There are 2 protein chains.
Amino acid sequence: MEVRDMSIRATMDPRQLGTVSLFEGLDDRGLERVLQAASIRKVAAGQAIFEQEDAADTVFVMVAGHAKVAKRGADGQETVIGFINPWEMMGCVAVCGGTGYPGTATAVEDSWLLAWSRATIERLMDEHSRIARNALSTISGRLQSMQTRLHEVSNERVERRIAHTLRRLADASGRDTRQGREIAFPITRQDLAEMTGTTLHTVSRTLSAWHQQGIVESARQRIIVRDASALERIAESE
Amino acid sequence: MEVRDMSIRATMDPRQLGTVSLFEGLDDRGLERVLQAASIRKVAAGQAIFEQEDAADTVFVMVAGHAKVAKRGADGQETVIGFINPWEMMGCVAVCGGTGYPGTATAVEDSWLLAWSRATIERLMDEHSRIARNALSTISGRLQSMQTRLHEVSNERVERRIAHTLRRLADASGRDTRQGREIAFPITRQDLAEMTGTTLHTVSRTLSAWHQQGIVESARQRIIVRDASALERIAESE
DNA sequence: CGGAGGCTTGACTGCAGTCAAAACAGGTGG
DNA sequence: CCACCTGTTTTGACTGCAGTCAAGCCTCCG
């Protein structure tokens, strides 16, 4: 399920960790120490990284690959909380808040992650108060984006919600190609439906319509945004 | 709009501050210092405490009264993020995250609040690392409850969402009366609609139906839950 | 007593969910 | 290399939940 591979750590430049919001502003020696305290895990596509309600004892940073975090409710329905890009962290809320993981994280591609145990992260926070402050501001940002999503799901029509979501995905996880901006990991209609509070049928119909209009290009588990401004118009028009 | 009244502070027992999640675990001397750093404000019902997008420079703790925090979107629609009860704080996310306030806070009753400036709260956090940790865990809790609400709005039918919301309100902000458990502050159908992502019409119809069944008692801006277990059944039944 | 804000109810409608079926792509094993 | 099987996507037809439109009532407050 998980394989450790120490050689990767040896070849990694600690300064890359400075990209991670949690470790922003640390000096080189601090980053070095943080890296030394980490362990590395490889997770194959489709495998779980952590499970909902498991005691939260590890903070992860994605090094390469992508993961999906989804919460499943009592009724078995899933809601996609978000996708994790390289150099983003996950698990921090649960570890800091002292609760279980809020959802299940699944690798959607073969991925490499750095991992720190709860005890280690707490020690690092003690040594570098900057890390605690970073955690606070990162979580605050997530809370705000959650509030925005709540507002959207509560007040907006499906098409517009999909447009908003797709725009954000293209923005945060996109990769420019000759055809347009492509979501940089495999994502199904079902995933998009679970992010927007709708059904895969409606997502499929919507994307088909947008395809007709030349706004998106799409194939199995791939979506390319050709006309970002049209998407913007759908998302924001009165 | 806001009136300062220092005499209240003089008569307040610092230990009451220990009830506030942000200051949990501080010793008496710490609480004393926190209280000394606070200023007091009185806000009349209907008045704003802070406005959406204002630079977040003050953290508040409700001493007596209740406030509503609502976010209004680009389209002018409002979403109620939550209600603030006595000894709960607000503004912390924005102040800690370094962003503007995520919504507008309005007193729904005449209220008294303690207030700390950003600089003061940061100094207090430096002096007492416990405060920073508390902030982290409080915000984590809010994030999780946001995720739960997102899941509900995405996947559940209106009636069930209202049941969930009403249950939580009665739980967190209820007061036991001979008729049942009453929401302890004035709340309109519109407020409830904006919390659940529906319209005041639907809320009204739903409450009427529940009234028929003896589940709730309600009047202008007042709701009493008579049969909590029935509500539970509506909220959780398959 | 009059006005404003809050609540209720009815009738209608349409968005999007459900049900159903089929095409398609990709991976696996023979 | 082909056959099969599973998971993904598309499309159509139907339906019902809840939003919209409309009207009127109630309650509190000035």
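A note on names: the letters A, B, ... follow the listed sequences, proteins ahead of strands, and every chain is numbered from 1. Model, not experiment: these values are computed from the prediction.
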**Prompt:** What closest approach, in Å, do A:A44 and A:A107 show between heavy atoms, and which atom pair accounts for it?
**Reply:**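 Of all heavy-atom pairs spanning A:A44 and A:A107, the closest is O-CB, 3.7 Å.
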Worksheet entry | Residues within residues 177-195 of chain B bordering DNA chain C, heavy-atom distance below 4.0 Å |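 Hits under 4.0 Å, by residue number: B:T188, B:R189.
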Sorted by number, the residues of residues 147-156 of chain B with heavy-atom contact under 4.0 Å to DNA chain C: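 When residues 147-156 of chain B is checked for heavy atoms under 4.0 Å from DNA chain C, there are no hits whatsoever.
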What is the distance, to the nearest angstrom, from the [atom1] atom on [X] to the [atom2] atom on [N]?
X	N	atom1	atom2	answer
B:Q221	C:dA4	CD	P	17 Å
B:H201	C:dT9	NE2	C1'	11 Å
A:L207	C:dC24	CG	P	19 Å
B:H211	C:dT9	NE2	C1'	15 Å
A:R205	C:dA20	CZ	P	15 Å

Students often get this wrong, so: under 4.0 angstrom with heavy atoms, is [X] touching a base, only sugar-phosphate, or nothing?
X	result
A:S208	sugar-phosphate
B:R157	sugar-phosphate
A:L200	base

Taking [Y]'s backbone N and O only, do any of them form a donor-acceptor pair with [X]'s side chain (distance below 3.5 Å, no angle check)?
X	Y	answer
B:E88	B:N85	yes
A:T202	A:T198	no
A:S111	A:E109	yes
B:D191	B:T188	yes

Any donor-acceptor N or O pair under 3.5 Å, side chains [X], [Y]:
X	Y	answer
B:H151	B:E156	no
B:S154	A:T79	no
A:E159	A:W210	yes
A:T99	B:Q144	yes

Range on DNA chain D touched by chain B, heavy atoms, distance below 4.0 Å:
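First-to-last contact on DNA chain D, by the 4.0 Å heavy-atom rule, is D:dC17 to D:dC28.
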Can you tell me how the ring of B:F50 sits relative to the ring of B:Y101, calling it parallel under 30°, perpendicular over 60° and tilted otherwise?
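Geometry flag for B:Y101 against B:F50: parallel rings.
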Salt bridge present between B:D57 and B:R118 (N-O < 4.0 angstrom):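 Between B:R118 and B:D57 there is no salt bridge, as every charged N stays at least 4.0 Å from the carboxylate O atoms.
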